[in-house]
Amino acid sequence: MTNFFALLSGLTFGLGLIVSGMTNPAKVLGFLDIAGEWDPSLILVMGGAIVIGLIAFALAKKRGSSFLGLPMQLPTARQLDRRLILGSLTFGVGWGLAGICPGPALVLLGEGVQQGALFVGAMLAGMGIFEWLERRKA
Amino acid sequence: MTIDWIHLTPYSALAGGVLIGLAAAIFVLLNGRIAGISGIIGGLLRPKQGDLAWRSAFLIGLLAAPWLYQTVAPLPEIRIDTGSGMLVIAGLLVGIGTRYGSGCTSGHGVCGISRLSPRSLVATAAFMLTGFVTVFIVRHLLA
C-alpha cells in the first residue's frame with residue numbers, strides 16, 4: 001500500500017507541476033525576473049499548494065501515525081545553521097541559471113526532453129559529490 | 001518592475017498548486033512522510049533497508065506524469081534557452097545545494113512552509129533570494 005500511495009503522490013505531484021507551468025523553464029525564469037517583464041503566476045502555485053498543505057500538515061501533526069498506521073516522520077531539526085543557509089543559497093543560484101528545480105527536472109526527463117536528461121544527470125552528480133564529501137568527513 | 005500580463009496564468013497556476021498540495025497531503029497523511037523531491041532522490045544514493053521501493057515508486061510517478069497528462073491533453077509547450085554547459089553547472093549546483101540545504105522547492109517551499117517550519121522559511125527565503133539575484137545578473141547585468 002505504501003508503494004501504491006507513493007506512486008499516486010508522485011503522479012499527482014508531477015501532474016500539478018505540468019498544469020502549473022513549473023515544468024516550463026522559460027516561465028520559471030520569467031517569475032524570477034522581477035526587474036524585467038515579471039510573470040508572478042508562480043506565486044499562486046506555492047499559494048495553492050500551501051493552502052492544502054497547511055490543512056494536511058496541521059492534521060498530520062495532531063496524529064501520531066498516518067492513516068495507514070505508519071509513524072509520522074516529520075523533520076525534527078530546529079537549528080538555522082550554515083549548511084541550511086549556504087546550501088539553499090547555492091540551490092537558488094542553480095535554479096536561477098536554468099529555471100529548473102528537482103521535481104520539474106524529473107518531469108522533463110519523463111517527457112524525453114534532452115536538456116532535462118542532461119540537467120538530471122548533472123543534478124545526480126551534484127548529489128553524488130555531496131554524498132562523497134559527507135562520507136569522507138565521517 | 002512591470003507585470004507581464006500576457007503570460008500571466010493565474011488559474012492553471014493555482015490549479016497546479018492545489019494538485020501539488022494534494023500530492024503532499026496524500027504522502028504525509030498516508031505514508032507519514034514529507035514529499036521533498038531532492039530528499040527522495042538523494043536518499044536513493046544512501047539506501048537504507050526498506051527504503052528503495054517507496055522512493056522509486058514516488059519517482060516513477062513523477063516520471064510517468066507527462067505520459068498520463070498527454071492521454072488527456074497535449075503537453076504544454078516548454079522552452080529552454082539555457083545552453084548545455086550552463087545546464088550542467090546549474091544541475092550540479094542544484095544537486096549539491098539541495099542536499100546541503102536539506103530540501104528544495106517541494107520539501108522546504110511547499111511542505112516546510114505548510115508545517116510552519118522556521119528552517120524551511122529561512123531556506124525558501126534563501127533560495128528565492130539567490131534565484132532572483134542570479135536572473136537579475138544574467139539578464140540585466142551580463143546581457
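Protein chains get the first letters and strands the later ones, always in sequence-line order, with residue 1 at the start of each.
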Residue selection (most heavy-atom pairs with chain B, distance under 4.5 Å) from [options]:
options: A:Ala60, A:Gly110, A:Gly10; answer: A:Gly10
options: A:Gly36, A:Gly47, A:Gly121; answer: A:Gly36
options: A:Ile50, A:Leu32, A:Thr23; answer: A:Leu32
options: A:Leu70, A:Val51, A:Leu54; answer: A:Leu54
options: A:Ala125, A:Pro71, A:Gly16, A:Gly69; answer: A:Gly16

Pick one of side chain, backbone, both or neither for [X], based on which atoms fall under 4.5 Å of a heavy atom in chain A.
X: B:Thr124; result: side chain
X: B:His140; result: side chain
X: B:Tyr69; result: both
X: B:Ser102; result: neither
X: B:Val122; result: side chain

Spacing of [X] atom [atom1] and [Y] atom [atom2] [to the nearest 0.5 Å]:
X: B:Phe132; Y: A:Asp33; atom1: CZ; atom2: CG; result: 10.0 Å
X: A:Glu37; Y: B:Thr2; atom1: CD; atom2: OG1; result: 4.0 Å
X: B:Ile41; Y: A:Met127; atom1: CD1; atom2: CE; result: 4.5 Å
X: A:Phe31; Y: B:Asp4; atom1: CZ; atom2: CG; result: 13.5 Å
X: A:Thr12; Y: B:Phe27; atom1: OG1; atom2: CZ; result: 11.5 Å
X: B:Thr98; Y: A:Met123; atom1: OG1; atom2: CE; result: 7.0 Å

Tell me, with the steps shown, if B:Val94 and A:Phe119 meet side chain to side chain contact (heavy atoms under 4.5 Å, CB included).
-> CA-CA 9 Å; B:Val94 168; A:Phe119 184 93; 3.7 Å; yes
Selection from [options] maximising heavy-atom pairs under 4.5 Å formed with chain A:
options: B:Ser114, B:Gly97, B:Ala123; value: B:Ser114
options: B:Leu116, B:Thr130, B:Leu19; value: B:Thr130
options: B:Leu45, B:Thr82, B:Leu68; value: B:Leu45
options: B:Ile80, B:Leu29, B:Leu14; value: B:Leu29
options: B:His108, B:Arg46, B:His7, B:Met128; value: B:Arg46
options: B:Ala24, B:Ala64, B:Ser38; value: B:Ser38

Between [X] and [Y], is there shared hydrophobic-cluster membership here, with clusters defined by ILVMFWY side-chain heavy atoms closer than 4.5 Å?
X: B:Leu93; Y: B:Val135; value: no
X: B:Ile34; Y: B:Leu22; value: no
X: B:Val72; Y: B:Ile20; value: no

Specify whether B:Phe58 and A:Phe13 have parallel, tilted or perpendicular ring planes, treating 30° as the upper limit for parallel and 60° as the lower limit for perpendicular.
->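 The rings of B:Phe58 and A:Phe13 stand perpendicular, inter-plane angle above 60°.
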Determine the minimum heavy-atom distance between [X] and [Y], stating which atoms define it.
X: A:Gln115; Y: B:Leu87; answer: CB-CD1, 3.4 Å
X: A:Ser41; Y: B:Thr9; answer: OG-N, 2.9 Å
X: B:Val110; Y: A:Ala49; answer: CG1-CB, 3.8 Å
X: A:Ser9; Y: B:Ile26; answer: CB-CG2, 4.2 Å

So which part of [X] gets closer than 4.5 Å to some heavy atom of chain B, the side chain, the backbone, both or neither?
X: A:Met46; value: side chain
X: A:Ile43; value: neither
X: A:Glu134; value: side chain
X: A:Phe4; value: neither
X: A:Ile129; value: side chain
X: A:Ala77; value: both
X: A:Val113; value: side chain
X: A:Arg135; value: side chain
X: A:Pro40; value: both

Side-chain contact test, heavy atoms from C-beta onward, threshold under 4.5 Å: evaluate it for [X] versus [Y] and give yes or no.
X: B:Trp54; Y: A:Asn3; value: yes
X: B:Ile6; Y: A:Asp39; value: no
X: A:Met1; Y: B:Leu30; value: no
X: A:Glu111; Y: B:Leu75; value: yes
X: B:Tyr100; Y: A:Phe130; value: yes
X: B:Arg115; Y: A:Pro75; value: yes
X: A:Ser66; Y: B:Asn31; value: no
X: A:Asp81; Y: B:Arg119; value: yes

Does a sphere of radius 6.0 Å around CD in B:Gln70 hold more than 12 heavy atoms from other residues, nucleotides or ligands, not counting ones at 6.0 Å or beyond?
->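 Counting other residues, nucleotides and ligands, CD of B:Gln70 exceeds 12 neighbours.
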How about B:Glu77: does its CD atom have over 12 heavy atoms from other parts shown lying under 6.0 Å from it?
->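 No, the 6.0 Å shell around CD holds no more than 12 heavy atoms from other groups.
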Can you give me every donor-acceptor pair (side chain of residues 85-109 of chain A, partner residue at least two apart or in another chain, under 3.5 Å) with its distance?
unit_1: A:Ser88; atom_1: OG; unit_2: A:Leu84; atom_2: O; d: 2.8
unit_1: A:Thr90; atom_1: OG1; unit_2: A:Leu86; atom_2: O; d: 2.7

Go through the structure and list residues passing salt bridge (Lys or Arg N to Asp or Glu O under 4.0 Å) with B:Asp81, not counting sequence neighbours.
->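 Applying salt bridge (Lys or Arg N to Asp or Glu O under 4.0 Å) to B:Asp81 gives B:Arg79.
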Check against salt bridge (charged side-chain N to carboxylate O under 4.0 Å, His left out), B:Arg99 and A:Glu131 | CA-CA 9 Å; B:Arg99 295 301 286 143; A:Glu131 290 298 332; 3.5 Å; yes
List the steps and the verdict of side chain to side chain contact (heavy atoms under 4.5 Å, CB included) for B:Leu62 and A:Leu11.
-> CA-CA 5 Å; B:Leu62 211 49; A:Leu11 262 178; over 6 Å; no
Can you tell me if A:Lys27 uses its side chain to pair, donor with acceptor, with the backbone of B:Ile78 under 3.5 Å?
->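 Looks like no, no N/O pair under 3.5 Å.
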